[in-house]
Amino acid sequence: MLEEIGFDKLSLEGVAARAGVGKATIYRWWPNKSALAMEALLRAVEPMPPIGDSGSSRTDIELHMLQLSQLLRGKSGRVVREMIALAQFEPESKRIFNDNYLEPRRLALVSVLRRGAQRGEFREDADLSLVFDLLYAPLLQRLLTGQGDIDERQVQAQLKLVLGSITLPSLMDT
């Protein structure tokens, strides 16, 4: 229904009628149309690209970020943009977005960064949550504003800058 009529015309009553259930059933699961739309959008976005363990955390992060940038250039990017927009105006939608989209990605990437620090690839004193923000924020900013491409060249430059800042000096030339 979101694709057919858009968010503005969407109503919980209309969803109930289309589903053949009472309004109370819909309200039992979603407090408002923003929360319902957010859940629907979460189902439409492609899963997070897996982050493997090749033996090099830096390589694993680079591959993940390149895969993510590819997803954001397609349908997933449009869906994520809609989710972020919804999250700005309704606290429950923000919670759903943060808990179900952003936080799992943060936990996965921070885990790989931590693994890299344990292996001696990255500084142990780095704020890994901040590193996540520095990796994801430029992609999301470009997605939201349309200012600049989300392309491999841009992602590689970003990775060099961010990961270079936490790479131990003995590994800088490798």
Side-chain angles (χ1 to χ4, degrees), residues 1-51 60-61 63-114 126-152 154-155 157-159 161-163:
M1 287 182 72
L2 277 172
E3 288 179 0
E4 289 173 26
I5 63 173
F7 179 76
D8 289 342
K9 294 180 182 173
L10 184 72
S11 70
L12 292 181
E13 293 79 9
V15 171
R18 170 85 59 97
V21 299
K23 265 191 332 188
T25 300
I26 300 297
Y27 279 103
R28 200 172 304 131
W29 289 96
W30 297 282
N32 54 49
K33 77 175 186 175
S34 294
L36 172 65
M38 183 65 76
E39 295 246 1
L41 291 169
L42 279 168
R43 291 190 179 143
V45 75
E46 294 181 50
M48 177 177 68
I51 306 178
D60 298 336
I61 292 167
L63 180 59
H64 168 75
M65 294 302 296
L66 289 169
Q67 290 171 334
L68 173 66
S69 70
Q70 186 175 20
L71 287 176
L72 292 177
R73 288 191 298 266
K75 177 186 174 193
S76 282
R78 290 187 303 277
V79 172
V80 169
R81 189 172 41 242
E82 289 176 34
M83 287 192 296
I84 293 171
L86 275 175
Q88 301 313 297
F89 302 104
E90 208 280 309
E92 181 64 9
S93 293
K94 184 183 289 187
R95 185 197 62 75
I96 292 168
F97 176 75
N98 286 333
D99 290 354
N100 296 288
Y101 183 83
L102 206 52
E103 195 58 22
R105 286 153 178 78
R106 179 181 303 279
L107 292 173
L109 196 63
V110 166
S111 174
V112 177
L113 289 162
R114 190 171 293 115
D127 180 339
L128 301 182
S129 190
L130 176 59
V131 173
F132 169 86
D133 291 342
L134 293 170
L135 289 170
Y136 264 65
L139 297 179
L140 296 178
Q141 183 270 337
R142 286 171 177 246
L143 178 70
L144 290 172
T145 65
Q147 298 295 310
D149 293 327
I150 301 174
D151 59 23
E152 187 170 333
Q154 176 262 323
V155 173
Q158 177 185 329
L159 286 163
L161 183 65
V162 174
L163 295 180

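As the structure is a prediction and not an experimental result, all values here were calculated from the model. Residues take their numbers from the sequence shown, with the count starting at 1.
- Distance check, rounded to the nearest 0.5 Å: CE of M38 to OH of Y101 gives 11.5 Å.
- Taking all atoms of both residues into account, the shortest heavy-atom contact from Y27 to E13 is OH-OE2, 3.4 Å.
- Judged by distance alone, the side chains of E92 and N32 never bring a donor and an acceptor atom under 3.5 Å apart.
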Check against side-chain contact (heavy atoms from CB on, under 4.5 Å), L113 and L163: CA-CA 10 Å; L113 289 162; L163 295 180; 4.2 Å; yes
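- Interatomic distance, CG of L72 versus CZ of R78, reported as 11.5 Å (0.5 Å rounding).
- Taking CD1 of I150 as the start and CE of M65 as the end, the distance is 10.0 Å to the nearest 0.5 Å.
- Here the side chains of L139 and Q158 are in contact, with some heavy-atom distance below 4.5 Å.
- Closest approach of P138 to Q154, counting heavy atoms only: CB-NE2, 4.3 Å.
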Working for side-chain contact (heavy atoms from CB on, under 4.5 Å), residues L135 and L159: CA-CA 7 Å; L135 289 170; L159 286 163; 3.8 Å; yes
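- Using a distance-only test at 3.5 Å, with no hydrogens or angles considered, no donor-acceptor pair links the side chain of E39 to the main chain of A35.
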Steps toward side-chain contact (heavy atoms from CB on, under 4.5 Å) verdict (K33, L12): CA-CA 6 Å; K33 77 175 186 175; L12 292 181; 4.3 Å; yes
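- Across P104 and D99, no two heavy atoms sit closer than the pair CD-O, 3.3 Å.
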Stepwise side-chain contact (heavy atoms from CB on, under 4.5 Å) test for W30 and V15: CA-CA 11 Å; W30 297 282; V15 171; 5.8 Å; no
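- Distance CG/D133 to CG/L140: 10.0 Å, rounded to 0.5 Å.
- Here D151 pairs with nothing under the side-chain hydrogen bond (donor to acceptor under 3.5 Å, both in side chains) rule; sequence neighbours left out.
- Counting non-hydrogen atoms of neighbouring residues, nucleotides and ligands closer than 6.0 angstrom, the CD atom of Q70 reaches no more than 12 such neighbours.
- Smallest separation of non-hydrogen atoms from S93 and L86: CB-O, 3.8 Å.
- A pairwise comparison of heavy atoms in V45 and S76 identifies CG2-OG, 3.7 Å as the closest pair.
- Nearest heavy-atom pair, R73 versus E152, reported as atom, atom and distance to 0.1 Å: NH1-N, 4.2 Å.
- Of the inter-residue distances, the one linking F132 atom CZ with I61 atom CD1 reads 11.5 Å to the nearest 0.5 angstrom.
- S69 contributes atom OG, which lies 10.0 Å from atom NE2 of H64 (distance to the nearest 0.5 angstrom).
- Although no hydrogens or angles enter the test, the distance criterion places a donor-acceptor pair under 3.5 Å between the side chain of R142 and the main chain of D149.
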